[in-house]
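Numbered from 1 within each chain, the chains take letters A, B, ... in sequence-line order.
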Amino acid sequence: MYKHLFKLIWNKRKQNFLFLTEILISFLVVFAVFSYLTYYYKNYTKPLGFDYNRVWAIGYGGGQLSKNPDTLSIFYENLNKALKAMPEIEEVSFSSPNYPYSDSFMSAGLSQGGKKFNNISDFHVGRDYQKVWNVGLVDGRWFSKEDLVSKDKGIIINETFSKELFGTIKGAGKLIGDFDNKNKLKIIGVVNDYKANGDFVPGNNVMFSQLDTAYLKYTSTLLIKVRETADATFESKLYKFMATMMRSAVEIQHVDEMRDARNRETIIPVLLFIIVASFLIINVALGLFGVLWYNINKRRGEIGLRRAIGASGNSVSYQLVMEAIILATMSLAVGCFFAIQFPLLNVFDIPASVYIIAILLSVLFIYVLVFICSLYPGKQAAGIHPAVALHEE
Amino acid sequence: MIRLQNIEKVYRTETVETLAINSISLDIARGEFLSIMGPSGCGKSTLLNIMGLLDEPSKGNIKIDNQDISSFSDKKLANFRNQKLGFIFQSYHLINDLQVLDNVELPLLYRTSSPKERKALATEALEKVGLSNRLKHFPTQLSGGQRQRVAIARAIVGKPQIILADEPTGNLDSAMGNEIMEILMNLNKNEGTTIVMVTHDESMAQKTHRLVRLFDGSQVQ
């Protein structure tokens with residue numbers, strides 16, 4: 001029967017061109033949607049690597065402070081102590097401006113085994129940064145005061161990056177060159193992968209280095225982890241305190257809100273795309289329905305004949321659904337040929353598994369769509385009265 | 001072979017009720033070649049459709065091969081038609097997108113048979129109607145007579161006991177009509193196939209064993 005149906009479809013390929021094109025275009029649109037969704041879902045399911053809850057970022061300008069480095073160092077130490085002494089504050093850390101969700105990016109490069117590694121997110125952080133964000137250590141340790149005076153500058157990297165550099169061998173304790181391979185850096189710890197740009201965006205390779213007190217004058221960000229008791233009144237009090245201390249404008253941002261905003265930036269375009277694609281799919285579904293309906297009305301004589309020579313109502317219905325499925329298979333074969341080029345050519349540097357899953361989901365979606373659209377016309381065809389249909393012809 | 005008892009067929013619309021067949025009883029013996037004649041609209045095709053189980057009578061009883069088909073399900077009816085009946089239509093009802101061989105194979109698709117078997121049986125049926133050299137042609141590449149011969153091959157490919165022919169020569173000139181009639185008579189004579197033929201052509205009807213005349217839905221002869 002399948003060979004017969006295939007022959008029938010092949011001989012009517014010109015009449016079926018519209019149907020085949022509709023399915024092909026739908027598949028490509030659905031493939032794009034599923035590629036996006038799979039990519040974002042895969043990123044979403046990966047752990048963040050830190051805890052953003054109850055973390056506030058305080059931005060300030062330090063231009064009016066003393067120029068004397070020693071005085072400044074004592075000032076920042078006192079500021080740290082004063083903040084920690086507040087009952088609503090759990091932890092305090094200075095940070096470069098590129099903390100998670102901050103829209104700020106600093107990158108560095110490293111050299112290892114004659115190979116250069118670029119675009120590594122470079123975080124300059126205080127000693128208590130780990131406690132503020134609850135960053136999980138996989139191997140080694142976090143920064144200590146002694147690291148500031150050690151011969152080789154200590155850095156901490158993320159787990160995936162460690163595996164890229166050393167494979168299965170532990171990264172902690174290893175020496176690695178800076179971008180020009182002129183200075184050696186010592187990896188003192190390895191942390192969980194760190195997804196700093198939003199839940200749906202993959203985490204970069206990251207490198208943490210400790211902020212020297214001499215460089216605190218260049219920083220303008222203080223991160224604090226507050227207790228659950230920290231409310232708007234405390235925020236107002238904190239604002240006044242910081243403005244007085246720093247003698248400048250101060251901005252306090254809640255990191256969880258920054259995260260929401262960052263996620264919205266990713267989700268909204270995707271939602272718009274899904275809405276547009278949904279309208280297209282609805283149109284395609286109606287189109288398929290119409291084409292199948294039209295075909296059945298054009299083939300009433302044939303259906304009547306098939307009933308006369310031994311086809312039951314169900315087998316007529318089955319035949320029409322199968323014809324639509326075979327047509328869809330022909331379009332999907334062409335569509336898959338194009339879609340498979342994406343993982344083969346590593347388009348957009350997205351993992352091949354994302355494209356493969358998107359292809360499989362799209363194929364399944366199109367089959368379900370075609371099946372549903374052909375079900376009712378098939379049922380109608382089964383109801384055609386053979387005597388009437390044969391007489392019409 | 002076919003027994004019709006008090007068959008009545010009424011077509012109803014919201015406002016009109018039309019009596020197409022009025023209490024017809026008919027016994028058709030195995031191996032008989034029967035023709036049905038009558039003016040247009042007298043119910044000939046309706047009666048043939050009822051015999052072919054393509055239409056249900058409003059009243060009455062049909063037995064084919066001693067089987068009462070009134071209780072048959074749609075699936076069983078379809079299977080019965082496939083095994084026992086062959087149809088020939090005035091307008092051939094060939095599928096123009098399929099080659100001659102594929103058209104003839106059609107009834108075999110609805111029963112268990114291998115592609116090889118189907119091809120052999122279809123080729124044999126086409127040889128019987130003298131079209132073994134047109135297997136790969138499409139119906140649109142054939143003359144009317146040749147198309148009707150393909151339709152006959154399709155009707156006989158499943159070796160049915162009964163052939164129901166609805167004006168098989170109606171669209172053909174007399175020479176081609178005679179050719180088709182010749183084939184049907186040979187089938188009846190050589191294979192013992194029971195044939196019921198609806199026709200307008202008196203000369204064709206005279207060639208059959210028995211003639212039944214209908215008028216306004218009733219049997220008059």
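Using a 4.5 Å cut-off between heavy atoms, B:Arg111 makes no contact with chain A at all. At a 4.5 Å heavy-atom cutoff, B:Leu85 makes no contact with chain A through either its backbone or its side chain. Only the side chain of B:Phe138 comes within less than 4.5 Å of a heavy atom in chain A; its backbone stays farther off. Contacts between B:Asn49 and chain A at a heavy-atom distance below 4.5 Å involve the side chain alone, from C-beta outward. Contacts of A:Leu8 with chain B are made by both backbone and side-chain atoms, with heavy-atom separations under 4.5 Å.
At least one cation-pi condition fails for A:Lys379 and A:Tyr376: the charged atom is not both under 6.0 angstrom from the six-membered ring centre and inside a 45 degree cone around its axis.
Ranked by heavy-atom pairs under 4.5 Å with chain A, the first of B:Asn96, B:Ile50, B:Leu54 is B:Leu54. When each of A:Gly313, A:Ser312, A:Ser315, A:Gly304 is checked for heavy-atom pairs under 4.5 Å with chain B, A:Ser312 comes out on top. Among B:Pro115, B:Ala155, B:Ser45, B:Ala78, the residue with the largest count of heavy-atom pairs under 4.5 Å with chain A is B:Ala78.
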Decide yes or no on side-chain hydrogen bond (donor to acceptor under 3.5 Å, both in side chains) for B:Thr199 and B:Lys44, but give the supporting numbers first.
CA-CA 9 Å; B:Thr199 183; B:Lys44 306 182 296 289; over 6 Å; no
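Under a cut-off of 6.0 angstrom, the local environment of CG in B:Asn66 is sparse, with at most 12 non-hydrogen atoms contributed by other residues, nucleotides or ligands. Within 6.0 Å of atom OH in A:Tyr44, 12 or fewer heavy atoms from other residues, nucleotides or ligands are found, so the atom counts as exposed in its surroundings.
Taking the charged nitrogens against the carboxylate oxygens, A:Asp193 and A:Lys46 have no contact shorter than 4.0 Å, which rules out a salt bridge.
With ring centers used as reference points, A:Phe338 lies 6.0 Å or more from A:Phe27.
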